[in-house]
Amino acid sequence: MSSNTLYRLPASIDSDLAELKSVSDQFAAGDITAARFQAFRVPQGVYEQRENGTFMLRARLPAGILTAQQMRDAADVARRYGDKTLHLTSRQDLQIHGVTLAGIHPAVVALTDAGLATKGGGGNTVRNIAACYQAGVCPKELFDVTPHVFATTEALLPDPLSFQLPRKYKIAFSGCPDDCAGATINDLGFISRERHGIEGFAVYAGGGLGAHSRVGQLLDEFIPATDAPRVAEALKRVFDKHGNRKNRHRARLRFLLDEIGIERLKELYNEELATVSISGTTAYPQAGSFINEAYIAVEPKPGFAAWRDAVVVPQKQSGYHTVEISPALGNIDTETFTRLAAIIDHFGDHRLRVTNWQNALLRWVSEAQLPALHAELAEIGLAEPQPAVLRRMVTCAGASTCRLGICQSRGVSQAIRHALVNSGLNLSGPVGNTVIHISGCPNSCGRHPIAQIGLFGAARRVNGRVVPHYVVQLGGHVKEGSTQIATGTRAVPARAIPAFLTDVFAAAIESQAIGFDDFLANGGRAKIDEIAARHSAVPPFEVDASYYTEWGATEPFSLAGRGAGECGAGVFDLIELDLAAAREALETGQPLAATIYAARALLVTRGQQANDDRKALELFGQLFVNEELVPKSYRALIDAALAATSGAPFDADRTTIADLIEAVRTLYATMGPSLRLPTKV
């Protein structure tokens, strides 16, 4: 493993990589189905994009931290195997797009060697653990939460259970009640506290964004900071045992909380907490500033003052600053990323912190270094002094790559930027700090429910044609004790969104509000609804065809290519697929295949995945027949099928195979939503 690794990767990582190669090769050869390949690769952080045969790799960055060397390594991977672009995500991850099937394994190996593991980057897993991007340098924080992010990451990743959960499990750490990391809208959130001189956390549970967003509820008023890994493990076990695996739309922890209530959740949590012994912190190396004498006393270049005012913020350490670096849409081409790594070699702590705004911070930059840093960033096009509303506009990939995407959110984002920049409006005042988040569908990857202005893609039928729209939601806000989910149902045609928002900002500025929240609280919602109504009409296609084509697209709007999302990689779907395949194989005269499908169907409920037929039969015999979860009378059938995988004839009775399929389905039906098995038939 690379010396650049900032946290200990699980010992299983090498076997995971070997299995990824094996499964990829089997899929390429047609030996396993697309569904089975998906079930394995998604928890390894490998998603198929909208274009068939192309994949996205998501590397987890605890607390969003990247070293300069890791940046070079990631750029090399994107250059060799991807589309030569790297994407900074709103969960402080790093993504590489456009990877072919053949490129998946070598790309993941190269990332892992750089300490950039993709395991847990997707699926029903413990996802990347987020933190305040100013952790360690923020004047408001009680203490640096970074070591606790690393400790919790290292505690959870080695456990296979962390990759077989009912749904994704997201964790965030915030250093103060401002909750910059979004602890109150994660499945599990920690917000710093201090009690009797002891550093600790308030613990929140059951938050989350999506079609049914929720604000987390207080689970524990105070825990010692070193207990964070223990708390995360305890709640993970509650989620595993009681979460709903059968319905992915009710699978997140927040739905369990809705079902049983906070008091019952606390009881279950405390029961598990009593059985968990892990604790501690990881010694995250907070390096501070390395001042290179060659990069001080440089004369400021044109534009320095505006850049400094826009993106430079003092740290709590006197004389040092953070510098915000904001590539459009969070995307940076490999050449620029490599050159940025070279700059970081000479400034600050030689590390980049990815934020939840799809941009990044360089920290520990001294006052004397700022002119030289500005000049270097200007050379690579990353020193534009944009107003905050543009620097921090979060936009998901949308229909450009995502299979769930309805609208081309990136296209409308670019159009909004262009419209606001050319509007002549003064965006340097308080209203210029307004938060806009855009999602291509209701699923909140663009985090629209917590934005002051949130937009999500929708399709509407107008004049007999399907027209792209965005539903406008207002008033989202994150802060401990006052987190709010944005609300609103008014849909505006995608083509009208830039003009609509320009008018909204003009109205907010004209109101002389001290900020967008103030505008909303003093008649702004009604005013925005009036503006939306003015922009809601869709002309006939013959009058203006542009309304029927998305921003950034050349063809009329269509939902072609949209399909099931891979985020859940649903266990339930996979079981149903295998049971249906077993029945179909039996009906079409394939008795051996029917037996294998039946044997394979429920292995995932025992934390097992078999990548060949023989292994599936062996595991079924051990875990289901021997343990009498199905009658022992099926032992002879399983043994005959095992022999047949080695070439022996298979002449099992059709009725016996049908009975086995029904026994497996009956067992499946006895499980609750958590897919917990009874001990006996």
Side-chain angles (χ1 to χ4, degrees), residues 12 15 18-19 22-23 26-27 29-33 35-37 39-40 160-161 163-164 166 240-241 245-246 569-681:
S12 63
S15 61
E19 193 168 8
S22 173
V23 173
Q26 290 178 62
F27 177 66
D31 294 336
I32 60 172
T33 64
R36 195 156 300 285
F37 182 45
F40 179 81
L161 184 63
F163 305 94
Q164 300 161 10
D240 169 61
K241 292 178 180 179
R245 283 184 167 86
K246 284 195 173 183
V571 170
F572 170 67
D573 292 345
L574 200 59
I575 292 170
E576 289 288 346
L577 184 70
D578 282 336
L579 289 172
R583 289 194 301 271
E584 182 180 354
L586 189 60
E587 291 168 1
T588 56
Q590 303 174 71
L592 178 59
T595 304
I596 293 167
Y597 277 123
R600 187 188 292 276
L602 297 184
L603 293 181
V604 69
T605 68
R606 305 300 298 275
Q608 299 289 334
Q609 290 194 61
N611 296 316
D612 62 66
D613 295 343
R614 185 172 186 83
K615 186 66 174 177
L617 292 164
E618 289 174 347
L619 287 170
F620 182 77
Q622 295 166 16
L623 300 175
F624 291 87
V625 178
N626 291 355
E627 295 186 17
E628 299 185 60
L629 292 168
V630 297
K632 279 200 166 183
S633 58
Y634 291 115
R635 168 51 67 188
L637 174 61
I638 297 303
D639 287 344
L642 277 167
T645 62
S646 299
F650 185 69
D651 54 2
D653 180 66
R654 186 182 187 280
T655 301
T656 303
I657 299 172
D659 289 345
L660 172 65
I661 296 170
E662 186 57 32
V664 171
R665 177 166 283 285
T666 299
L667 177 59
Y668 176 49
T670 66
M671 301 179 197
S674 65
L675 296 187
R676 289 284 164 183
L677 289 161
T679 54
K680 298 278 176 128
V681 169

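None of the values given here were measured: they were computed from a predicted structure. All values below come from the heavy atoms of this structure, side chains included, with hydrogens, waters and symmetry mates left out.
Remark: R583 CZ to E662 CD distance equals 8.5 Å, nearest 0.5 Å. Atom CZ of R600 and atom CG of D613 lie 5.5 Å apart (nearest 0.5 Å). Atom CG in L660 sits 12.0 Å away from atom CG in D653 (nearest 0.5 Å). Interatomic distance, T645 OG1 to F650 CZ, rounded to the nearest 0.5 Å: 10.5 Å. Summarising the geometry, atom CZ belonging to F624 is positioned 13.0 Å from atom CZ belonging to R635; distances are rounded to the nearest 0.5 Å. To the nearest 0.5 Å, atoms OG1 (T656) and CD1 (I661) are separated by 11.0 Å.
A salt bridge between R614 and E618 is present, with a side-chain N of the basic residue lying under 4.0 Å from a carboxylate O of the acidic one.
Remark: the backbone N or O of E584 is not paired with any side-chain donor or acceptor of Y597 at under 3.5 angstrom. The main-chain N or O of S15 is never found under 3.5 Å from a side-chain atom of S12 such that the two would form a donor-acceptor pair.
Residues P631 and V625 come closest through the heavy atom pair O-CG1, 4.4 Å. The shortest heavy-atom contact between F620 and A598 is CE1-O, 4.4 Å. Contact record, K632 with N626: CE-O, 3.8 Å, taken as the closest heavy-atom pair. Considering every non-hydrogen atom in both L617 and I638, the closest pair reads O-CG2, 3.7 Å. Residue A594 comes nearest to A585 through the heavy atom pair N-CB, 3.7 Å, listed as atom of the first residue, atom of the second, then distance.
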- Go through the steps for I32 and F40 under the test side-chain contact (heavy atoms from CB on, under 4.5 Å), then give the verdict. CA-CA 11 Å; I32 60 172; F40 179 81; over 6 Å; no

- Query: Checking side chain to side chain donor-acceptor pair (under 3.5 Å) for the pair S22/Q26: CA distance, chi angles, key distance, verdict?
  - Reply: CA-CA 6 Å; S22 173; Q26 290 178 62; 3.1 Å; yes

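I657 has its side chain within reach of L637: a pair of non-hydrogen atoms, C-beta onward, lies under 4.5 Å apart.
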